[in-house]
Enquirer: 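Just passing along the structure, written as structure tokens.
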Amino acid sequence: MLANHRSTLTQYLIEQRRRYPQASGELNGLILDVAIACKAIAGTVALGELGGNARSLEVNVQGEVQKALDVLANEVFMRRCEWSGQLAGMASEEMEAPHQIPDAYPRGKYLLVFDPLDGSSNIDVNLTVGSIFSILRAPADVIESGRDVTEADFLQPGAAQVAAGYALYGPSTMFMLTVGNGVAGFTLDPAVGEFMLTHPDVHVPEETREFAINASNSRFWEPPVKRYVDECLAGATGPRGKDFNMRWIASMVAEAHRILMRGGVFLYPRDTKDLAKAGRLRLLYETNPIGWLIEQAGGRVSTGRQPMLGVRPTALHQRIGCVFGSRAEVERIERYHHEPTPEVPVSPLFAERSLFR
Ligand code: AHG
Ligand code: MN
Ligand code: MN
């Protein structure tokens, strides 16, 4: 189909809004601002070394080395989204405290939370990165008073999100979105400068033979995770009775995209590596938005122990164990967390040959 026969993101949003005659269009305006920010970031990402993207700067609030592009992407999000009067405040991976809407602009009823660049360790090597965002309603007293936002205003469960999505800066730039009515995917047409609807109704296949986990952490895994991975590795001769394939991009947004497109399961579970951290990924701007997209596409997201979207956050930069993807696999992993792990290895043959023992 020719690009000019496809719906644009704007058209899709207007059509979605028609389902709610009382809607003001403010949410649409905000999503379009986020999309413009993502187009700008896509342009800079594409410059690669020419843009000095991989330069390392300081250590950020997460204790991780910031790249020049992390900071630039954060700036782009703030400047593109703060002016329009839709937002009461913003928060991001790259800022310790929430960003207040400057006095020069009106304040609105939404909160924007984002990871301006996910997978940024991949910038140096020209691999896929992305931006993740989540939109929440500001608490009523914030909207009424127009007061500055505090960390507490953002501590809402994933189930309270009104929109979530991500942009993927891969071989093509994509924008994946949910407003609570399934998942739609758009591909940037560089000739037109617009996101075109290319994936109108995304579904995560229920069954899979593909899993993704950072296996270098295996000695820190909890027994249910070890059991699950061992069973996958045992393949056709193990209890699963089928061979599995493994992937690890170290860019969660790219793994999530692969899983949305063809199924699979992703694990960054809670482990014993650093007991001060409950997991690697961040709840508010990584696992909640990605998790909601996955669930809107028929998949499942969990901490391993409980549904992710029900977790009541306790801190803006809270980390959490995360498992998402094809429903049957995530349910199996949850079950393993709730039942005692069998003492006996998966299979005597496999026990000797296991990569991870
Ligand atoms: P960010 O670049 O925003 O800090 O996030 C990186 C995250 C996530 O994208 C990825 O899955 C994970 O870190 C990679 O972790 P490892 O370095 O342990 O592979
Ligand atoms: Mn990230
Ligand atoms: Mn990031």
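The first residue in the sequence is number 1, and the count goes up from there. The basis for the numbers below is simple: all heavy atoms, side chains too, and nothing from hydrogens, waters or symmetry mates. Counting starts at 1 for both ligands and their atoms, following the listed order.
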Enquirer: What pairs with Tyr169 under ring-ring contact (aromatic ring centres under 6.0 Å, His included), at least two apart in sequence or on another chain?
Expert: none
Enquirer: Angle between ring planes, Phe266 versus Trp248, binned at 30° and 60°: parallel, tilted or perpendicular?
Expert: parallel
Enquirer: Could you pull out the closest heavy-atom pair between Gly146 and Arg107, with the gap in Å?
Expert: O-NH1, 3.0 Å
Enquirer: Does Ile249 reach ligand 1, in the sense of a heavy atom lying below 4.0 Å from it?
Expert: no
Enquirer: If you count heavy atoms of other groups shown closer than 6.0 angstrom to CG of Asn126, is the number above 12?
Expert: no
Enquirer: Does an N or O from Asn217, backbone or side chain, lie closer than 3.5 Å to an N or O of ligand 1?
Expert: no
Enquirer: Any idea which atoms of ligand 1 are less than 4.0 Å away from a heavy-atom of Met252?
Expert: 8 (C), 9 (O), 10 (C), 11 (O)
Enquirer: Between Asp243 and Arg209, does at least one N-O distance fall below 4.0 Å, as a salt bridge requires?
Expert: no
Enquirer: Relative to each other, are the rings of Phe175 and Phe133 parallel, tilted or perpendicular (30° and 60° limits)?
Expert: parallel
Enquirer: Heavy-atom count around Arg79 CZ within 6.0 Å, excluding the residue itself: above 12?
Expert: yes
Enquirer: When rounded to the nearest 0.5 angstrom, what distance separates CG in Leu9 from CD in Glu194?
Expert: 7.5 Å
Enquirer: Going by the order shown, which atoms of ligand 1 are within less than 4.0 Å of some heavy atom of Leu281?
Expert: 7 (C), 8 (C)
Enquirer: Considering only heavy atoms of Trp248, which atoms of ligand 1 have at least one such atom less than 4.0 Å away?
Expert: 19 (O)
Enquirer: For Arg147, does the CZ atom have more than 12 heavy-atom neighbours from other residues, nucleotides or ligands under 6.0 Å away?
Expert: yes
Enquirer: Tell me whether the centres of the aromatic rings in Phe154 and Tyr285 are closer together than 6.0 Å.
Expert: no
Enquirer: To check your reading of the model: name the closest protein heavy atom to atom 18 (O) of ligand 1, its residue, and the distance in Å.
Expert: Tyr268 OH, 2.5 Å
Enquirer: Geometry only, no angles: is Gly119 polar-contacting ligand 1 at N/O separations under 3.5 Å?
Expert: yes
Enquirer: Would you mind running through ligand 1 and noting each atom that sits below 4.0 Å from a heavy atom of Arg282?
Expert: 1 (P), 3 (O), 4 (O), 5 (O)
Enquirer: Which of the protein's N, O or S atoms come within less than 2.8 Å of the Mn ion (ligand 2), not counting waters?
Expert: Asp115 OD2, Asp118 OD1, Glu286 OE2
Enquirer: Roughly how far, to the nearest 0.5 Å, is the CZ atom of Arg227 from the CZ atom of Arg332?
Expert: 8.0 Å
Enquirer: In Å, rounded to the nearest 0.5 Å, how long is the span from CD of Glu207 to NZ of Lys242?
Expert: 5.5 Å
Enquirer: So if I count the atoms of ligand 1 from 1 in the order they appear, which ones are less than 4.0 Å from some heavy atom of Asp115?
Expert: 3 (O)
Enquirer: Could you work out, for atom 17 (O) of ligand 1, the closest of Arg280, Glu93, Glu94 by heavy-atom distance?
Expert: Arg280
Enquirer: Could you grab the distance from atom CE of Met308 to atom CD1 of Ile290, nearest 0.5 Å is fine?
Expert: 11.5 Å
Enquirer: Just need the protein heavy atom nearest to atom 5 (O) of ligand 1, so name the residue and atom and give the distance.
Expert: Asp118 OD1, 3.1 Å
Enquirer: In terms of atom number and element, which parts of ligand 1 are under 4.0 angstrom from non-hydrogen atoms of Glu286?
Expert: 3 (O), 5 (O)
Enquirer: Under 4.0 Å from any heavy atom of Ser251, which atoms of ligand 1 are there?
Expert: 9 (O)
Enquirer: Could you name the option among Ile213, Asn122, Asn214, Leu117 that has the heavy atom nearest to atom 16 (P) of ligand 1?
Expert: Asn214
